[in-house]
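Quick note on labels: first sequence line is chain A, next is B, and so on, each numbered from 1.
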Protein chains: 2
Amino acid sequence: MVKTLQTLIETSRRQYRTMTEMVAATLREAIIGGALGSGEMIRQDQLAAAFGVSRMPVREALRQLEAEGLVEFLPHRGAVVAELKPDEILEMCEIRSLLECHALKKAVPTLSEDVLRRAECVLDELDEENDVARWGEMNQRFHMTLYDNLRGTRLYDLVAAQYQHLDRYIRVTLTQLDYAGKSQAEHRMLVAACRAGDPDRAAEVLRAHLAKSAGAIAELLAGQQALAGAQR
Amino acid sequence: MVKTLQTLIETSRRQYRTMTEMVAATLREAIIGGALGSGEMIRQDQLAAAFGVSRMPVREALRQLEAEGLVEFLPHRGAVVAELKPDEILEMCEIRSLLECHALKKAVPTLSEDVLRRAECVLDELDEENDVARWGEMNQRFHMTLYDNLRGTRLYDLVAAQYQHLDRYIRVTLTQLDYAGKSQAEHRMLVAACRAGDPDRAAEVLRAHLAKSAGAIAELLAGQQALAGAQR
DNA sequence: ATATTAAATATTGGATCCAATATCAAGGTT
DNA sequence: AACCTTGATATTGGATCCAATATTTAATAT
């Protein structure tokens with residue numbers, strides 16, 4: 001069940017310093033979560049009314065999201081939610097693999113048992129999670145936990161930012177994908193490899209895991225394209 | 001000679017669709033180029049006056065730059081130019097190497113003689129360039145030319161974005177660095193390796209080049225820290 | 001004299017207002 | 001009938017105005 005924009009707005013009412021911050025965070029969630037669909041036109045006063053603010057915080061928030069690549073401005077015409085191009089999914093998987101394997105190699109030597117246990121804890125929760133949207137969120141939490149010691153570095157921020165983009169694609173395709181259950185075994189293997197303390201081996205496990213997940217997505221996309229072709 | 005903010009403003013007067021675009025682009029250049037120094041307070045009405053516009057386009061532009069990581073907002077206090085942390089320089093060199101080696105590997109098989117010649121053309125210009133700011137810009141042009149066939153991909157955009165950040169650091173340190181001349185030989189080697197058509201070998205040459213340049217920067221930083229320590 | 005509190009000032013955050021531009025529709029011309 | 005032009009409408013871009021907050025200064029009390 002995809003959360004509606006209205007729900008998101010009410011939830012995140014009073015926990016930000018400025019309206020701009022609040023609107024930006026909420027819209028970000030809305031776009032990543034699919035409440036605002038790819039290519040959808042964004043009417044500023046409409047959004048402003050929904051948030052109960054003037055157009056200004058909305059405009060500032062949209063500019064931020066533009067810089068993040070989540071919306072696109074067409075001068076004097078309006079902003080649209082950035083389009084999801086299927087070909088980009090696999091490219092992003094590739095980038096993700098490149099960055100995260102590198103990050104993991106750096107993180108493994110510094111991993112404490114405490115962090116590892118926290119990661120496992122997330123996995124346990126993941127086992128019980130059925131909601132697709134929340135699954136994506138927690139999958140991210142699991143992986144990012146392994147890089148926790150890199151917090152504050154550029155690399156950490158970069159990995160997190162990439163995750164956000166990929167997540168948009170994932171959540172859209174994930175519904176039809178029963179990969180979630182299968183990937184848990186690989187997640188456990190990954191933690192084991194990390195605990196063993198060999199950076200290269202851990203990175204290799206991660207690479208295989210990400211490649212497999214990318215493969216599943218590719219397969220799904222191929223199926224959809226075949227379907228689209230048949231309809232024509 | 002670092003261009004002043006005033007010069008930049010006058011130069012880029014009437015070549016953008018909206019003021020926000022113009023202000024954003026100009027401020028970006030100003031921060032990267034050093035016209036606005038690291039940690040410097042940004043007064044909105046002051047900037048607005050300098051640009052001859054109201055505060056609004058300035059605010060929108062600043063929000064974009066915030067998302068790009070070039071400025072930081074302190075709620076109700078103002079925006080400051082993001083600080084340059086010396087430790088981050090080497091980290092960014094590392095990220096750059098990771099991303100660009102990957103990009104080069106993908107680009108090499110697609111490289112046409114035309115692109116290679118254009119790259120060499122930039123190198124020729126680079127030989128004659130003495131101005132530090134312009135040297136940094138053209139160094140970037142050279143490297144990005146090699147990835148020209150990746151235009152429109154996420155990877156290309158990511159590499160370009162990272163370049164921007166690194167460039168801030170580079171231009172600050174470059175003045176004291178006579179690495180510029182020495183690196184030209186490596187640039188030529190790089191083009192030769194690309195022309196040979198072996199992706200892995202080309203990537204290795206690039207990695208070595210970037211490592212050497214990172215080394216030079218590290219050395220400079222170490223020297224500066226020793227100096228700072230002596231003064232204390 | 002110092003510390004704490006209160007008021008004044010400056011600056012940002014947000015709302016409202018106006019102008020510029022793009023789209024859409026209608027009418028006229030070839 | 002098709003195309004171009006012109007005007008109406010909607011929506012964004014930009015300016016100005018007001019409110020909220022942070023900082024600084026001054027005054028008072030200990």
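- Rounded to whole Å, the distance from CE on B/Met41 to P on C/dA10 is 16 Å.
- When rounded to the nearest whole Å, the span between CD of A/Glu60 and C1' of D/dG14 equals 13 Å.
- As a whole-Å value, the separation of B/Glu66 CD from C/dG13 C1' is 14 Å.
- Atom OH of A/Tyr16 and atom P of D/dA20 are 23 Å apart (whole Å).
- Put simply, NE2 on A/His76 is 6 Å from P on C/dA22, counting in whole angstrom units.
- A/Tyr163 and A/Glu100 share no side-chain donor-acceptor pair at under 3.5 Å.
- Phosphate contact (OP1/OP2 of D/dT12, side-chain N/O of A/Arg59, threshold under 4.0 Å): absent.
- Residue-to-nucleotide proximity on DNA chain C shows that, of B/Gly78 and A/Pro75, the 5′-proximal contact is made by B/Gly78.
- At D/dT12, one or more side-chain N or O atoms of A/Arg43 fall inside 4.0 Å of OP1 or OP2 (strictly under the cut-off).
- Applying the 4.0 Å criterion to OP1 and OP2 of D/dT21, one finds that B/Arg77 has every side-chain N and O outside that range.
- Atom CE in B/Met19 sits about 10 Å away from atom P in C/dT21, given to the nearest Å.
- Closest to the side chain of A/Asp45, from the set D/dG13, D/dA15, D/dT12, is D/dT12.
- Taking 4.0 angstrom as the limit, B/Thr20 places a side-chain polar atom (N or O) nearer than this to OP1 or OP2 of D/dG14.
- The residue from A/Asp167, A/Asp157, A/Leu98, A/Ile95 that alone fulfils the side-chain contact (heavy atoms from CB on, under 4.5 Å) condition with A/Gln162 is A/Ile95.
- Put simply, CE on B/Met22 is 14 Å from C1' on D/dG13, counting in whole angstrom units.
- Distance A/Glu72 CD to D/dT12 C1': 16 Å, rounded to the nearest Å.
- Mapping B/Arg17 and B/Arg55 onto DNA chain D by nearest heavy atom places B/Arg17 closer to the 5' end of the strand.
- Residues B/His102 and A/Glu94 have side chains that bring a donor and an acceptor to within less than 3.5 angstrom of each other.
- For the pairing with A/Glu68, the salt bridge (charged side-chain N to carboxylate O under 4.0 Å, His left out) check across A/Arg28, A/Arg63, A/Arg168 returns one residue only, A/Arg28.
- Within the 4.0 Å cut-off from OP1 or OP2 of D/dG13, at least one side-chain nitrogen or oxygen of A/Gln44 is found.
- Contact annotation for A/Ile42: backbone-only contact, meaning every heavy-atom pair under 4.0 Å involves sugar-phosphate atoms and none involves a base.
- The two residues B/Leu84 and B/Tyr169 come nearest to each other via the heavy atoms CD2-CE2, 3.1 Å.
- For B/Met56, the listed nucleotide lying nearest its side chain is D/dT16; candidates were D/dT16, D/dG13, D/dA22.
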